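Fair warning: this is a prediction, and the values are worked out from it, not measured in the lab.
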Amino acid sequence: MRLSRYFLPVLKETPSEAQIVSHRLMLRAGMIKQASAGIYSWLPLGYKVLRNIEQIVHEEQIRAGHIPMLMPTLQSADLWRESGRYDDYGQEMLRITDRHGRDMLYGPTNEELITDIFRSHVGSYKDLPLTLYHIQWKFRDEIRPRFGVMRGREFLMKDGYNFDLTKEDALHAYNRHLVSYLRTYERMGLQAIPMRADSGPIGGDDTHEFLVLAETGESEVFYDAQITDLKFGDRAIDYDDKAQCQAVLEEFTSRYARTDETHDEAEFAKVPEERRRTARGIEVGQIFYFGTKYSDAMGATVADSEGNKVPVHMGSHGIGVSRLLGAIIEASHDDNGIIWPEGVTPFHCGIVNLKQGDAEADAACDALHASLTALGLEPLYDDRNERAGGKFATMDLIGLPWRITVGPRGLKNGVVELTSRRTGESEELPPEQAIAKVAAIYGKAVA
Ligand code: 5CA
């Protein structure tokens with residue numbers, strides 16, 4: 001992509017309405033524009049990152065054996081009357097009346113709709129286990145939408161629902177989600193710690209929230225510092241293997257880690273003092289096991305092997321897809337702007353032409369752009385007639401992890417400069433070596 005043909009409305013001024021760094025940087029980098037309180041348009045750069053995050057979520061869900069689908073944003077109030085949540089949900093629910101006077105609502109979550117689909121189509125234990133999920137916009141009329149995409153009113157969520165014959169199977173689904181979430185967040189360059197939490201309006205006994213530690217986080221958290229040493233990494237896991245998934249859950253949840261909702265001073269005091277930490281965190285996901293709460297209320301049963309009709313055991317599992325952009329930026333930025341982890345970056349590398357209009361520099365940039373593109377990478381080539389300083393500032397602000405700088409002086413010596421956004425370190429290399437290096441970083445083979 002050539003920057004001269006792209007739509008990247010960066011702001012020179014720091015927007016005064018933004019209180020936290022991720023919100024400021026998303027506005028300054030031209031990623032989002034507020035449409036109304038807590039509701040945003042996703043401009044091209046922001047939309048690209050949002051799609052990359054969605055893609056990782058899809059890949060990891062499918063890897064875990066969960067099935068993608070799509071449910072609507074608008075739902076009928078009748079289903080929510082069946083579960084009893086139409087009144088319970090209160091003012092957070094956006095209620096709408098259609099032209100026939102029917103009560104509708106903009107879905108804040110989808111337990112009722114998915115349970116209705118399940119009871120209409122599934123009748124036997126032989127169809128279980130089943131986990132369905134979608135990535136869809138939600139609406140919660142938050143009293144205080146704030147911090148940009150962190151606490152929006154309209155936001156994108158992955159929500160998945162498991163249906164199982166027994167509690168034991170449903171707890172396996174819970175564990176499977178925990179494992180898949182660890183992988184998902186690590187691929188985005190994040191450490192998200194599962195913490196025992198409160199189930200709120202979703203209900204149920206077992207629930208963990210995933211928290212990214214950040215000073216600007218809305219939740220107060222208490223944990224044993226040892227937990228931050230845990231990495232899931234690229235270990236192999238068989239998602240059908242109950243013992244393996246259970247072992248991962250135990251490994252990641254046996255140390256003290258709780259949000260303020262479930263914090264217990266007496267338990268916390270058992271952690272050696274030097275390892276006790278109190279901090280703030282951003283909740284990027286939550287998993288729930290709630291048993292037969294919805295299947296009892298809505299009559300979602302299956303026939304077991306003896307032909308008895310039994311209510312299915314369920315859980316729901318959410319990832320805050322749009323919130324993740326804010327969380328990643330909170331965890332990865334410096335004074336000059338965003339630093340995207342390679343896993344989610346909107347463009348794989350930037351190309352900065354120091355002397356636009358110089359025949360040799362232009363040709364070298366065109367060639368780099370073509371070669372990287374041919375390898376399946378997406379470079380962003382700053383081909384504007386601007387000073388070098390302005391081009392560097394834009395690249396730093398939008399946070400591409402790698403930058404190739406091309407100028408007449410280097411080209412005389414047959415080199416370009418490859419710079420890491422994270423470390424600021426640069427090296428001079430012949431263009432083909434710079435290409436090979438960037439390709440290797442993203443796991444692309446150079447022919
Ligand atoms: N039905 C369950 C799981 S599918 C559910 O709704 N869970 S939730 O309420 O915890 O939401 C899931 C995730 O969505 C949260 O962990 C959070 O990351 C994200 N989220 C919730 N509210 C907002 C909001 N107002 N703005 C942005 N993200 C949000």
Side-chain angles (χ1 to χ4, degrees), residues 52-71 109-111 113-136 156-188 192 194 202 204 206-208 210 232-253 284-292 294-295 300 302-305 310-321 324 343:
N52 290 345
I53 290 175
E54 265 189 89
Q55 183 59 28
I56 292 176
V57 171
H58 273 303
E59 285 173 15
E60 293 304 327
Q61 285 305 301
I62 290 167
R63 193 195 301 277
H66 307 157
I67 305 169
M69 62 179 295
L70 187 60
M71 289 176 270
T109 174
N110 283 57
E111 281 81 2
L113 204 52
I114 196 82
T115 305
D116 180 53
I117 292 171
F118 181 88
R119 69 180 173 187
S120 307
H121 296 291
V122 182
S124 162
Y125 76 98
K126 290 181 191 152
D127 299 320
L128 306 182
L130 180 66
T131 295
L132 299 166
Y133 79 92
H134 72 163
I135 298 181
Q136 177 62 292
L156 190 60
M157 190 204 286
K158 169 261 159 182
D159 41 325
Y161 305 86
N162 68 284
F163 300 91
D164 289 278
L165 183 62
T166 62
K167 177 171 183 181
E168 185 201 329
D169 288 351
L171 289 176
H172 172 56
Y174 184 90
N175 298 351
R176 212 171 51 227
H177 279 88
L178 181 129
V179 178
S180 71
Y181 281 22
L182 292 172
R183 278 190 63 105
T184 302
Y185 298 123
E186 282 190 17
R187 280 187 63 186
M188 298 173 189
I202 310 289
D206 283 294
T207 182
H208 282 91
F210 287 76
F232 187 78
D234 55 6
R235 54 179 108 162
I237 181 109
D238 174 356
Y239 280 107
D240 291 332
D241 186 325
K242 286 186 175 166
Q244 266 189 41
C245 292
Q246 175 70 26
V248 175
L249 173 111
E250 280 165 18
E251 178 186 347
F252 281 83
T253 62
V284 291
Q286 186 163 6
I287 54 178
F288 302 84
Y289 163 72
F290 44 67
T292 58
Y294 296 90
S295 40
V302 288
D304 67 12
S305 58
V310 293
V312 282
H313 285 259
M314 292 175 62
S316 72
H317 315 278
I319 292 182
V321 173
L324 273 165

* Greater than 12 external heavy atoms within 6.0 Å of Asp234's CG ->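 Count not over threshold, so no.
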* To do: Step through the shown structure and confirm whether more than 12 heavy atoms of other residues, nucleotides or ligands are within 6.0 Å of CD on Glu250.
  => yes
Could you pull out the closest heavy-atom pair between [X] and [Y], with the gap in Å?
| X | Y | answer |
| --- | --- | --- |
| Ala192 | Val284 | CB-CG2, 4.0 Å |
| Asp164 | Pro129 | OD1-CB, 3.2 Å |
| Glu111 | Ser316 | OE2-OG, 2.8 Å |
| Ile287 | Thr207 | O-OG1, 2.7 Å |
| Ile56 | Gly343 | CD1-O, 3.4 Å |
| Ile135 | Leu70 | O-CD1, 3.7 Å |

To the nearest 0.5 angstrom, please state how far the [atom1] atom of [X] sits from the [atom2] atom of [Y].
| X | Y | atom1 | atom2 | result |
| --- | --- | --- | --- | --- |
| Asn110 | Met71 | CG | CE | 4.5 Å |
| Leu130 | Asn162 | CG | CG | 9.0 Å |
| Leu171 | Leu178 | CG | CG | 12.0 Å |
| Leu182 | Phe252 | CG | CZ | 5.0 Å |
| Cys245 | Asp238 | SG | CG | 7.5 Å |
| Tyr239 | Thr131 | OH | OG1 | 12.5 Å |

Just wondering, do [Y] and [X] contact through their side chains at under 4.5 Å, heavy atoms?
| X | Y | result |
| --- | --- | --- |
| Val302 | Asp127 | no |
| Leu128 | Asp169 | no |
| Ile114 | Tyr133 | no |
| His313 | Thr292 | yes |
| Tyr161 | Thr109 | yes |

* To do: Please determine which of Gln286, Glu186, Lys158, Arg176 meets the side-chain hydrogen bond (donor to acceptor under 3.5 Å, both in side chains) test together with Tyr181.
  =>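 Of Gln286, Glu186, Lys158, Arg176, side-chain hydrogen bond (donor to acceptor under 3.5 Å, both in side chains) with Tyr181 is met by Lys158 alone.
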Which class fits the ring pair [X] and [Y]: parallel under 30°, tilted 30 to 60°, perpendicular over 60°?
| X | Y | value |
| --- | --- | --- |
| His317 | His177 | parallel |
| His208 | Tyr174 | tilted |
| Phe118 | Phe163 | parallel |

* To do: For Ser295 and Pro311, indicate whether the former's side chain and the latter's backbone hold a donor-acceptor pair under 3.5 Å.
  =>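 Not confirmed, Ser295 side chain does not pair with Pro311 backbone.
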* Whether Tyr294 side chain and Gly315 backbone form a donor-acceptor pair below 3.5 Å ->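 Looks like no, no N/O pair under 3.5 Å.
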* To do: For salt bridge (Lys or Arg N to Asp or Glu O under 4.0 Å), just list the numbers for Glu60 and Arg63, CA-CA rounded to whole Å, side-chain angles, deciding distance to a tenth of an Å, and then say yes or no.
  => CA-CA 5 Å; Glu60 293 304 327; Arg63 193 195 301 277; 2.9 Å; yes
* Decide yes or no on side-chain contact (heavy atoms from CB on, under 4.5 Å) for Ile117 and Met69, but give the supporting numbers first. => CA-CA 12 Å; Ile117 292 171; Met69 62 179 295; 3.9 Å; yes
* **Residues Leu165, Val310; criterion side-chain contact (heavy atoms from CB on, under 4.5 Å); working and verdict** => CA-CA 8 Å; Leu165 183 62; Val310 293; 3.7 Å; yes
